[in-house]
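Encoded as structure tokens, the structure appears first; notes follow it.
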Amino acid sequence: MVLHAYAGNDNELKKIAEFNKEVKLPTKLSDINLNYNDLDIIADEAMKTNEWKKALEEFSREKFIDAIKKADQYGRSLNY
């Protein structure tokens, strides 16, 4: 969900979020016992991954955090 939010692909964000909800996968930070206070740690850890380091385009830490927030907000908007 976060990568679709990062890319600005709202249709795919919605599609994946709704699928996750349907199959009872996490759709928001609180589903995995995280909150906005954890975003700096999440971003720091993400920056250590091969996916981050070898991405075709350079990732922005700030934009990544914003994408996490956007995905979380969409996930919270789903009716449970």
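Geometric assessment of K14 against the ring of Y74 yields a negative cation-pi assignment under the 6.0 Å and 45° thresholds.
Taking each heavy atom of A67 and A5 in turn, the nearest pair found is O-CB, 3.5 Å. Pairing each heavy atom of A17 with each of L78, the nearest pair is O-CD1, 3.8 Å. Residues N35 and L29 approach most closely at C-CD1, 4.0 Å, considering heavy atoms. Shown here for K28 and R76, the closest heavy-atom pair between the two residues is CD-CG, 3.4 Å.
Under the 4.5 Å side-chain heavy-atom criterion for Ile, Leu, Val, Met, Phe, Trp and Tyr, L13 and I16 are members of the same hydrophobic cluster. Residues I68 and I32 share a single hydrophobic cluster, defined by chaining ILVMFWY side chains whose heavy atoms lie under 4.5 Å apart. Linking ILVMFWY side-chain heavy atoms closer than 4.5 Å, directly or via other members, places L3 and M47 in a single hydrophobic cluster.
The pair K21-E18 fails the salt-bridge criterion, with no side-chain N (NZ, NE, NH1 or NH2) lying under 4.0 Å from an Asp/Glu carboxylate O.
How far CG of N37 is from CD1 of I42: 10.5 Å, rounded to the nearest 0.5 Å. Once rounded to the nearest 0.5 Å, the distance linking CG of N20 with CE of M1 reads 6.5 Å. With rounding to the nearest 0.5 angstrom, the CG atom of D66 is 9.5 Å from the CG atom of L39. Going from atom CD of E45 over to atom CG of D38 covers 11.5 Å, rounded to the nearest 0.5 Å.
K70 has its side chain within reach of D10: a pair of non-hydrogen atoms, C-beta onward, lies under 4.5 Å apart. For the pair L34/D72, no side-chain contact is recorded, criterion being any heavy-atom separation below 4.5 Å from C-beta on.
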Exercise for the section: Evaluate salt bridge (charged side-chain N to carboxylate O under 4.0 Å, His left out) for R61 paired with D40, printing each intermediate quantity in order. Expected result: CA-CA 9 Å; R61 185 180 190 281; D40 284 325; 3.4 Å; yes
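Aromatic ring orientation, W52 versus F64: perpendicular (interplanar angle above 60°, classes split at 30° and 60°).
More than 12 heavy atoms of other residues, nucleotides or ligands lie within 6.0 Å of OH in Y36, so this atom counts as buried by the packing criterion.
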